[in-house]
**Q** 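Sharing a structure below in structure tokens format, with a few things to ask.
Note that the structure is a prediction, hence the values are computed from the model and not measured. Throughout, residue positions are numbered sequentially from 1 according to the sequence presented. Numbering of ligands and ligand atoms starts at 1, following listing order.
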Amino acid sequence: MTSTADVIIIGAGVQGIGLAFHLAKAGAGSIVVLEKKHVAAGPTAKSGAMIRPLFSQEIYIRLVLEATRAFEHWDHVYGGDPGFVQKGFFRITDTLDVDRLGGDLQLMQRLGVPFQRVPHNDLSLYSPSSEFRGDETGLLLTKSGYADPIKTTNSLAAAAIRCGVVIKEGVRVTGIEVCGGQVQAVTTDAGRIATKLIVNCAGAWSDRVAAMVGVTLPIAIHRIPTTLYHRPLSLRDEGPILSDGVNQVYVRASGDSFLRAAAFGWSHDPVDPDLYDETISRKQHDSLRTLVDRRCTAMRKTPSAGGFAAIYDMTPDAHPIVGPIGDVAGFWCNCGWSGNGFASGPIVGRHLAAQILHGESEIDLSPFAWPRVGDLTPRPDLAWVSR
Ligand SMILES: Cc1cc2nc3c(=O)[nH]c(=O)nc-3n(C[C@H](O)[C@H](O)[C@H](O)COP(=O)(O)OP(=O)(O)OC[C@H]3O[C@@H](n4cnc5c(N)ncnc54)[C@H](O)[C@@H]3O)c2cc1C
């Protein structure tokens with residue numbers, strides 16, 4: 001195995017691979033990604049993969065706007081096909097309260113997010129098989145959509161490899177050597193690689209990686225259910241993602257034959273990321289079904305196609321941890337995305353690479369430093385990840 005590297009990235013999810021690409025593009029030298037399984041093996045593979053800039057914090061809006069442009073011009077920027085479906089994102093709401101909406105419309109407008117308010121009488125234009133209450137209106141984010149997370153990450157990986165990145169699949173990092181307060185090497189189940197710089201992109205396992213240098217990361221792993229349905233014939237013409245802010249559930253297409261649905265936010269269900277039950281319980285299935293049926297008449301007549309459970313790497317305030325951390329020189333983190341790290345995955349690395357190499361970046365990632373230094377407000381349970 002390679003015996004030295006300028007940078008080692010631990011984890012080949014969308015964040016690790018995106019960073020590898022941008023570091024290579026920025027001329028960071030020899031870059032090795034170590035992945036215990038394979039590219040997009042973790043929660044990235046199960047992501048809802050929605051790309052929509054509905055937020056109340058500027059940093060997310062700017063990241064997702066840039067990511068949207070990257071998805072729109074993917075072949076030119078990275079090459080390949082991320083499976084991007086840009087049919088819009090349609091939020092049904094009974095309030096424009098920033099916390100409940102999960103987005104600050106004034107801020108979004110100022111930053112150039114294309115959206116339109118949909119009056120009550122026009123709601124059925126965007127979701128013909130739904131029923132609406134009299135106090136409900138809509139918000140349409142016209143440039144939003146979703147991608148295929150496995151295609152996206154593998155396409156990024158191919159681009160990274162073309163730029164000289166080495167991706168080692170099936171290699172587990174087992175330790176990190178530190179001497180004189182400086183990272184010296186990683187040890188793996190396939191040997192040792194000397195390096196002065198490590199970026200921990202291990203997602204749900206990133207606290208275990210940080211523990212290798214004596215750093216405690218405040219990340220808890222929680223199980224998240226998603227249900228699948230056969231796609232009703234009446235919903236074959238795909239419209240925008242249906243994001244029901246009143247019932248707190250979203251539904252989007254999943255290929256030609258299926259729809260997937262999940263609730264907003266998260267529920268307390270701590271698990272071990274290596275041992276968790278990836279199936280969905282009857283109770284979870286039924287409660288999601290109730291939420292979906294309440295809105296969408298077509299769904300009441302379509303059979304379930306099962307479902308699955310995935311995991312979120314939750315931080316205390318539901319914001320990620322990005323930047324150097326602890327007292328060990330050469331140890332950086334990009335993790336704890338708490339269920340929101342797909343959309344920006346392909347472009348966060350551009351800014352993080354600039355920060356690593358030059359100490360500053362076009363989008364300042366310092367609000368994501370840990371411990372927090374700025375005024376990043378915690379995301380309220382109901383509004384954050386307001387799909
Ligand atoms: C159900 C679900 C729906 C979601 N929907 C959305 C959405 O609509 N929009 C959005 O923006 N985000 C969404 N997210 C969140 C987003 O998918 C994640 O934040 C993102 O994929 C995390 O990527 P990552 O690269 O940080 O981590 P991961 O995908 O967890 O990758 C980490 C990798 O590190 C590897 N690894 C761990 N430990 C080691 C080790 N010791 N040695 C080597 N390798 C190691 C793992 O095998 C894994 O492959 C969703 C997530 C889930 C689960």
**Q** Tyr126 and Pro240: which non-hydrogen atoms are nearest, and at how many Å?
**A** O-CD, 3.7 Å
**Q** I need the atoms of ligand 1 closer than 4.0 Å to a non-hydrogen atom of Gly42, numbered in the order shown.
**A** 29 (O), 49 (O)
**Q** Just go through Leu19, Thr44, Val348, Ile10 and tell me whose heavy atom is the nearest to atom 28 (P) of ligand 1.
**A** Thr44
**Q** Heavy-atom pairs closer than 4.0 Å: do any link ligand 1 to the side chain of Ala49, the backbone, both, or neither?
**A** backbone
**Q** At under 4.0 Å between heavy atoms, is it the side chain or the backbone of Leu34 that contacts ligand 1, or both, or neither?
**A** backbone
**Q** Nearest non-hydrogen atom to atom 5 (N) of ligand 1 belongs to which of Pro149, Gly203, Cys335, Gly48?
**A**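 Going through Pro149, Gly203, Cys335, Gly48 one by one, Gly48 has the nearest heavy atom to atom 5 (N) of ligand 1.
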**Q** Could you tell me if any non-hydrogen atom of Val171 lies under 4.0 Å from any atom of ligand 1?
**A** yes
**Q** What atoms in ligand 1 come closer than 4.0 Å to a heavy atom of Ala343?
**A** 10 (C), 11 (O)
**Q** Between Tyr78 and Trp74, what is the ring plane arrangement, given parallel below 30°, perpendicular above 60°, and tilted in between?
**A** tilted
**Q** Give the numbers and elements of all ligand 1 atoms closer than 4.0 Å to a heavy atom of Cys201.
**A**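 Those of ligand 1 that fall under 4.0 Å from Cys201 are 32 (C), 34 (O).
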**Q** Would you mind finding which of Lys37, Met212, Lys36 brings a heavy atom closest to atom 37 (C) of ligand 1?
**A** Lys36
**Q** Working to the nearest 0.5 angstrom, can you tell me the gap between Thr315 OG1 and Asp207 CG?
**A** 12.0 Å
**Q** If I compare all heavy atoms of Val14 with all of Gly341, which pair ends up nearest, and what's the gap?
**A**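 Closest approach of Val14 to Gly341, heavy atoms only: CG1-O, 3.8 Å.
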**Q** Report, in ascending order of atom number, the atoms of ligand 1 lying under 4.0 Å from any heavy atom of Trp337.
**A** 19 (O)
**Q** What part of Tyr146, side chain, backbone, both or neither, has a heavy atom within less than 4.0 angstrom of ligand 1?
**A**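 It is neither; nothing of Tyr146 touches ligand 1.
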**Q** Name the option, out of Arg172, Arg223, Lys46, His222, that contains the heavy atom nearest to atom 2 (C) of ligand 1.
**A**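 Selected option, by shortest heavy-atom distance: Lys46.
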**Q** For Gly11, take its heavy atoms, then give the atoms of ligand 1 lying under 4.0 Å from any of them.
**A** 33 (C), 34 (O), 35 (C)
**Q** Any donor-acceptor pair under 3.5 Å linking the side-chain atoms of Asn340 with those of Ser338?
**A**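 Not at all, the side chains of Ser338 and Asn340 share no donor-acceptor pair under 3.5 Å.
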**Q** Parallel, tilted or perpendicular: which describes the rings of Phe368 and His319, with under 30° parallel and over 60° perpendicular?
**A** parallel
**Q** How far does CZ of Arg372 sit from CG of Asp317, to the nearest 0.5 angstrom?
**A**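 CG of Asp317 is found 4.0 Å from CZ of Arg372.
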**Q** Say whether Phe342, considering both its backbone and side-chain N or O atoms, lies within less than 3.5 Å of an N or O atom on ligand 1.
**A**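 N/O-N/O distance below 3.5 Å exists for this pair.
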**Q** Quiz question: by atom type and distance under 3.5 Å, do the side chains of Ser267 and Asp269 form a donor-acceptor pair?
**A** no
**Q** Side chain, backbone, both or neither: which part of Thr188 has a heavy atom under 4.0 Å from ligand 1?
**A** neither
**Q** Looking at Glu362 and Arg62, is there a salt bridge between them, counting it only when a charged N and a carboxylate O are closer than 4.0 Å?
**A** no
**Q** Any N/O of Gln15 closer than 3.5 Å to an N/O of ligand 1?
**A**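 Right, the criterion is met.
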**Q** Side chain or backbone, does Ser344 bring an N or O within less than 3.5 Å of an N or O on ligand 1?
**A**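 Between Ser344 and ligand 1, no N or O pair is found under 3.5 Å apart.
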**Q** Taking non-hydrogen atoms only, is Trp205 closer than 4.0 angstrom to ligand 1 via side chain, backbone, both or neither?
**A**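 It is the side chain that gets close, since no backbone atom is under 4.0 Å.
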**Q** Give yes if a backbone or side-chain nitrogen or oxygen of Gly341 is under 3.5 Å from a nitrogen or oxygen of ligand 1, and no if not.
**A**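 Yes, there is a polar N/O contact under 3.5 Å.
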**Q** Considering only heavy atoms, does Ala262 approach ligand 1 within less than 4.0 Å through its side chain, its backbone, both, or neither?
**A**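 It is neither part, as no heavy atom is under 4.0 Å.
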